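Working notes for the structure below.
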Amino acid sequence: MSKGLPKRSEDYSQWYNELVKKADLAENSPVRGCMVIKPYGFAVWEKMQAILDKMFKETGHSNAYFPIFIPKSYLSKEADHVEGFAKECAVVTHYRLKQADDKSGLVVDPEAKLEEELIVRPTSETVIWNTYKQWIQSYRDLPLKINQWANVVRWEMRTRLFLRTTEFLWQEGHTAHATEAEAKEETLLMLQVYTDFVQNFMALPVIQGVKTESERFAGAVDTYCMETLMQDGKALQAGTSHFLGQNFAKAFDVKFATRDGGLEYVWGTSWGVSTRLMGALIMAHSDDKGLVLPPRLAPKQVVIIPIFKNEDELEAIDAVARGIIGQLKELNITADFDDRDTQKPGWKFAEYELKGVPVRIAIGPRDLDNGTVELARRDTSEKISLSQQEVAPKVKYILSEMQDSIYKKALKFRDEHITTVNTFDEFKQVLKNKGGFIKAHWDGTAETEMRIKEETKATIRCIPLNQGAKAGSCIYSGKPSVQQVYFAKAY
RNA sequence: CGGGGCGUGGCGCAGUCCGGUUAGCGCACCUGCUUUGGGAGCAGGGGGCCGCAGGUUCGAAUCCUGCCGCCCCGACCA
């Protein structure tokens with residue numbers, strides 16, 4: 001049994017908090033709301049980064065880096081954008097400290113006040129569009145497709161490791177296009193790239209949709225999103241892709257000369273996913289024993305644990321283990337041999353389960369006699385004994401099967417937690433007793449959306465894409481509705 | 001910022017109401033022996049400005065005042 005990990009059924013959020021710490025993913029920092037991402041957690045994030053980065057480049061994007069500090073005045077150039085971010089910005093007002101007069105420590109030097117205060121970026125649209133103005137003159141400069149990996153700061157009141165931290169890591173793509181159609185296409189393309197990543201690598205099914213006005217990114221014309229479902233029935237927005245229209249082009253005066261001699265504002269997009277994905281990954285698949293990582297994102301896919309009484313046994317096991325690791329390496333499978341004699345096998349079993357290593361291979365004296373190993377898979381806890389010769393191909397098969405099976409399990413759970421309702425009473429019942437996504441007709445007004453939120457805490461997660469219009473009447477107001485939308489309580 | 005809870009070895013806690021031995025327990029850590037197919041056992045050992053600052057008292061982890069920090073619940077948010 002995992003020591004001290006609360007059960008999901010008893011206290012889901014406690015379970016999550018403990019798991020993040022016990023699995024060595026992250027911990028709190030001295031600064032409230034910030035986190036230290038530990039090596040193991042960062043290794044998972046690095047895998048995500050590497051895969052996404054490749055996908056971005058394959059779709060024609062280049063990486064660049066823009067500064068963390070933004071002149072305060074930039075933020076105020078786009079009206080909705082200011083509105084959206086002003087209340088959660090960290091501000092740099094001074095550039096120097098000095099020894100306190102009474103030598104009691106350091107104080108801010110009042111002499112060193114900045115002429116113009118700087119904000120720590122909550123997102124980079126403003127600096128980037130200010131730069132794009134310099135970079136874009138002609139249709140020949142378009143499209144401009146840039147991505148950056150960065151940290152951003154949003155001064156949140158309540159934070160949770162990975163899910164909502166004051167500082168977080170992310171990537172933000174910012175593109176500029178000559179036509180509206182092309183920008184819209186880019187927005188949807190990146191939504192699809194994210195969707196492919198989340199489904200194929202994180203093994204999490206998503207619902208693609210458009211945000212309602214109240215949930216839309218400040219400054220965007222349309223915000224597209226992918227919504228995922230966690231095991232406690234709450235939804236989590238895994239990524240967003242925004243069609244910015246000409247909002248930022250106008251705010252920062254970014255125009256280009258068209259082929260026929262005209263002068264027009266460019267069309268923009270921006271899109272991002274963050275370390276929040278780590279939270280989704282953890283909450284979606286893990287169990288009461290600890291983390292369950294999809295093989296494609298596990299920093300180490302296989303761990304081999306020797307069971308030995310003496311040096312001779314260990315040596316013999318070592319030879320077998322090294323052989324297996326070599327074979328796995330040829331199949332591009334990462335494996336570790338944990339031959340520490342400071343921990344017992346049972347301790348190691350529990351530890352690697354806590355950390356979500358997909359496949360565990362145990363080799364002991366019995367196996368040496370029989371030419372076998374014991375293989376255990378993390379997601380099902382299933383154990384099998386197999387001959388040493390067939391280990392490598394079998395592991396390859398199991399890893400791929402596991403990736404698939406974890407996805408299917410999440411998909412089944414998700415599908416079982418989409419409930420269509422026709423009345424507000426039903427809506428409240430489902431929300432209270434079952435959770436998950438609730439599909440219902442909505443009259444399209446912010447007023448109704450807000451009232452439902454106030455009464456139930458549930459919000460419209462998205463207006464689904466790829467679902468034909470189906471007229472009906474709003475569950476709250478009874479007014480006509482053109483289609484059903486997804487509601488849920490959300491992270 | 002409102003409501004609630006909590007600050008005691010690295011971690012988790014007891015002790016605080018009702019002041020008085022040397023501040024205790026579990027885990028972790030160190031040493032030794034025995035162990036090793038699911039978080040080993042025994043023996044020995046190290047580690048504490050009891051959140052901070054004042055006050056009351058012969059005497060404070062314990063009572064009083066002020067401050068600081070953290071967690072949970074709400075308002076805000078990816």
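Proteins come first, then strands; the chains are lettered A, B, ... in the order of their sequence lines, and each starts at number 1. Note that the coordinates shown come from a computational prediction; the quantities given were computed from them, not determined experimentally.
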Listed pairs under 3.5 Å, donor-acceptor, residues 34-48 of chain A side chains, sequence neighbours left out:
unit_1: A/Lys38; atom_1: NZ; unit_2: A/Asp24; atom_2: OD1; d: 2.7
unit_1: A/Tyr40; atom_1: OH; unit_2: A/Lys355; atom_2: O; d: 2.7
unit_1: A/Lys47; atom_1: NZ; unit_2: A/Ala298; atom_2: O; d: 3.2

Can a donor-acceptor pair be found between the side chains of [X] and [Y] at a distance below 3.5 Å?
X	Y	result
A/Thr175	A/Thr269	yes
A/Ser270	A/His174	no
A/Arg121	A/Thr123	no
A/Asp53	A/Gln49	no

Side chain of A/Arg32 - closest among B/rC71, B/rG39, B/rC76:
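Out of B/rC71, B/rG39, B/rC76, the nucleotide with an atom closest to A/Arg32's side chain is B/rC71.
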
Where the side chain of A/Arg366 is defined as all heavy atoms beyond and including C-beta, which of B/rG37, B/rG39, B/rA75 is the nearest nucleotide?
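Taking heavy atoms from C-beta onward, the closest nucleotide is B/rG37.
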
Counting the atoms with a prime plus P, OP1 and OP2 as sugar-phosphate, which does [X] contact under 4.0 Å by heavy atoms, base, sugar-phosphate, or nothing?
X	result
A/Arg360	base
A/Thr159	nothing
A/Lys383	base
A/Phe168	base
A/Gln237	sugar-phosphate
A/Asp367	base
A/Leu236	nothing
A/Arg154	base

Stretch residues 194-203 of chain A: residues that reach within less than 4.0 Å of RNA chain B through a heavy atom
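Those residues: none at all.
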
With P as the reference atom in both, quote the distance from B/rC42 to B/rA23 in angstrom, rounded to an integer.
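Looking at atom P only, B/rC42 and B/rA23 are 27 Å apart.
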
Say you pick atom P in B/rG55 and the same atom in B/rG69; how far apart are they, in whole Å?
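Approximately 23 Å lies between the P atom of B/rG55 and that of B/rG69.
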
List, with names and distances, any nitrogen or oxygen atoms from the protein found under 3.5 Å away from nitrogen or oxygen atoms belonging to nucleotides 31-36 of chain B.
unit_1: B/rU35; atom_1: O2; unit_2: A/Lys344; atom_2: NZ; d: 3.4
unit_1: B/rU36; atom_1: O4; unit_2: A/Lys309; atom_2: O; d: 3.4

Is the A/Tyr194-A/Phe197 ring centre distance short of 6.0 angstrom?
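Distance test on ring centres: not under 6.0 Å, no.
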
Can the ring centroids of A/Trp271 and A/His61 be said to lie less than 6.0 angstrom from one another?
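Ring-ring flag for A/Trp271/A/His61: true, centres closer than 6.0 Å.
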
Roughly how far, to the nearest 0.5 Å, is the OG1 atom of A/Thr187 from the CG atom of A/Asp222?
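These two atoms lie 8.5 Å from each other.
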
